[in-house]
There are 2 protein chains.
Amino acid sequence: MPPKAPAKAARTPRRAKGAAKVAPRGPLSAQDWIRAALNLIIREGVQAVAVEPLAREIGVTKGSFYWHFQNRDHLVAEALKAWAEDQGRDVVARWGGVQDAERRLRVLLFAAFEDQENGLLFAALSASSEDPRVQPWLRRVSEQRLALGVESFKALGLPDMEAKQKALLAYAAYAGYFQLLRATPAAVASASDLSGYVHHLVDGLVPPKKAKK
Amino acid sequence: MPPKAPAKAARTPRRAKGAAKVAPRGPLSAQDWIRAALNLIIREGVQAVAVEPLAREIGVTKGSFYWHFQNRDHLVAEALKAWAEDQGRDVVARWGGVQDAERRLRVLLFAAFEDQENGLLFAALSASSEDPRVQPWLRRVSEQRLALGVESFKALGLPDMEAKQKALLAYAAYAGYFQLLRATPAAVASASDLSGYVHHLVDGLVPPKKAKK
DNA sequence: TCCGTGCAGTACGCATCCGTATGGAATAAC
DNA sequence: GTTATTCCATACGGATGCGTACTGCACGGA
């Protein structure tokens with residue numbers, strides 16, 4: 001537990017006794033722990049975020065962890081918060097640019113599918129959705145994304161109901177794609193052309209004005 | 001560890017000391033444990049299948065468990081095997097009936113989406129895909145389903161590549177739908193009409209001969 | 001009636017994790 | 001140099017899970 005009002009200082013490396021483990025580094029920050037936690041979540045899910053294993057991986061001991069965080073749940077909470085806020089920023093960033101409704105949809109979807117790392121992180125978090133610490137954040141992000149999708153389809157002139165269904169379909173295709181990529185990458189690899197995949201999706205969803213297939 | 005060659009017998013209820021826990025029952029079978037494990041998997045994922053908690057839930061102690069199974073991994077393995085074999089049977093059952101290629105696709109997809117319990121179980125297992133005990137079974141089932149999908153689309157006269165992409169898209173939409181349903185049911189509920197959702201999916205995938213929308 | 005067998009309870013040792021307590025090394029400030 | 005501060009190591013107690021060993025009970029058959 002670091003005192004609420006920090007002072008100053010920052011120092012140079014050091015290492016544990018028997019452990020010249022990974023890369024030598026200076027003192028850790030809470031951010032370092034959060035990053036490590038998110039990495040671990042991608043690989044093994046939220047429930048794998050345990051203090052002692054994580055500390056081993058970083059190459060320090062619990063002593064460090066409990067200096068930066070009150071307890072395990074606080075780390076998880078911070079990591080999730082960081083993720084969700086990141087998503088919020090992303091959505092806004094991708095939203096702003098394009099005016100034309102159809103182009104915006106395409107840009108949105110292509111960008112989403114192209115950011116593989118983020119997609120896999122989303123899949124990992126969805127995989128931990130039974131965890132009550134995860135659920136609210138997942139809900140937030142999904143609602144935001146779905147709302148954006150619905151908006152975009154309505155901007156094409158579609159009625160509410162249809163826009164909702166199409167948005168859900170697009171989002172499910174997104175979530176499912178990365179779930180499959182995470183669970184059984186080999187299966188996805190068979191249809192290796194991602195851009196073709198996304199084209200199919202988009203062409204199937206955007207009202208067939210001139211389906212460019 | 002029950003002796004390899006069982007004999008006979010079957011007896012009447014009994015209960016633990018302080019525990020008139022759930023429903024009174026006779027002696028448990030390995031199947032009972034497997035069923036309980038699958039139930040737990042749906043609710044909390046594979047990693048939640050622990051002997052002692054599971055025993056508590058059933059209302060017995062570990063003593064019983066280790067009578068029926070060698071260890072925890074054996075239970076998990078049996079449960080997964082049971083699931084995968086069930087899926088295999090399902091696929092065949094739904095496959096046999098219909099001759100017309102387009103109708104078969106529709107029937108297949110509608111049936112898949114309608115079996116909510118199975119869909120949620122699939123989502124739960126996919127959520128545990130990082131578990132090396134789960135991965136192979138998941139792979140098997142997904143490959144089988146995808147192969148069936150590709151077949152079905154090729155039967156419509158589509159070229160290989162397109163059939164693969166459409167099958168992947170359909171499967172991702174399936175996986176994603178149930179993942180969302182599991183993770184954030186509220187989000188899915190907004191587009192409440194499942195049949196409309198599936199219609200959208202199918203109409204987007206089946207080559208627009210006479211898109212019946 | 002007295003065993004044998006099927007199933008379950010109880011108790012133990014071991015491992016892993018949590019969170020706490022406390023000490024210690026390196027640096028910055030003085 | 002002395003001191004305060006930052007960051008980490010180490011050692012502890014408690015909880016929970018695994019797997020083993022052994023005991024106990026109810027039933028069926030002899």
Expected list for residues 39-54 of chain A near DNA chain C, using heavy atoms below 4.0 Å, is A:Ala50, A:Val51, A:Glu52, A:Pro53

B:His74 atom NE2 is separated from D:dT20 atom P, nearest whole Å, by 11 Å

Whole-Å distance, B:Arg72 CZ to D:dT16 C1', equals 12 Å

Taken to the nearest whole Å, CD1/B:Ile58 to C1'/C:dC7 is 13 Å

Closest to the side chain of B:Ser64, out of D:dT20, C:dA8, C:dC18, is C:dA8

Side-chain atoms of A:Thr61 come closest, of C:dC17, D:dC8, C:dA8, to D:dC8

In short, salt bridge (Lys or Arg N to Asp or Glu O under 4.0 Å) pairs touching residues 169-180 of chain B with sequence neighbours left out are none

Worksheet entry | Any A:Arg56 side-chain nitrogen or oxygen under 4.0 Å from OP1 or OP2 of C:dT16 | no

Check the angle between the aromatic planes of B:Phe178 and B:Tyr174 and answer parallel, tilted or perpendicular using the 30° and 60° thresholds.
-> perpendicular

To the nearest angstrom, the CG-C1' distance between B:Asn71 and D:dT20 comes to 12 Å

* Tell me whether the guanidinium CZ or amine NZ of A:Arg72 lies under 6.0 angstrom from the six-membered ring centre of A:Phe65 and within 45° of its axis. => no

Check your understanding: Between B:Gln179 and A:Ser126, does any side-chain donor sit less than 3.5 Å from a side-chain acceptor?
Key -> yes

B:Trp67 CH2 to C:dT10 P, in whole Å, measures 18 Å

Using a 3.5 Å distance criterion without hydrogens, assess whether the side chain of B:Ser29 forms a donor-acceptor pair with backbone atoms of B:Gln31. yes

To the nearest angstrom, the NZ-C1' distance between B:Lys62 and C:dG13 comes to 11 Å

Residues 75-86 of chain B vs side-chain hydrogen bond (donor to acceptor under 3.5 Å, both in side chains), sequence neighbours excluded, gives B:Asp86-B:Arg89

Regarding the side chain of B:Val60, the nearest nucleotide among D:dT20, D:dT6, C:dG9 is C:dG9

Atom OH of B:Tyr66 and atom C1' of D:dC22 are separated, to the nearest Å, by 16 Å

Check your understanding: Would one find a side-chain N or O of A:His68 under 4.0 angstrom from OP1 or OP2 of D:dT6?
Key -> no

Review point. Do the side chain of B:Asn118 and the main chain of B:Leu121 share a donor and acceptor less than 3.5 angstrom apart?
Key: no

Separation of D:dT20 atom C1' from B:Gln70 atom CD, nearest Å, is 13 Å

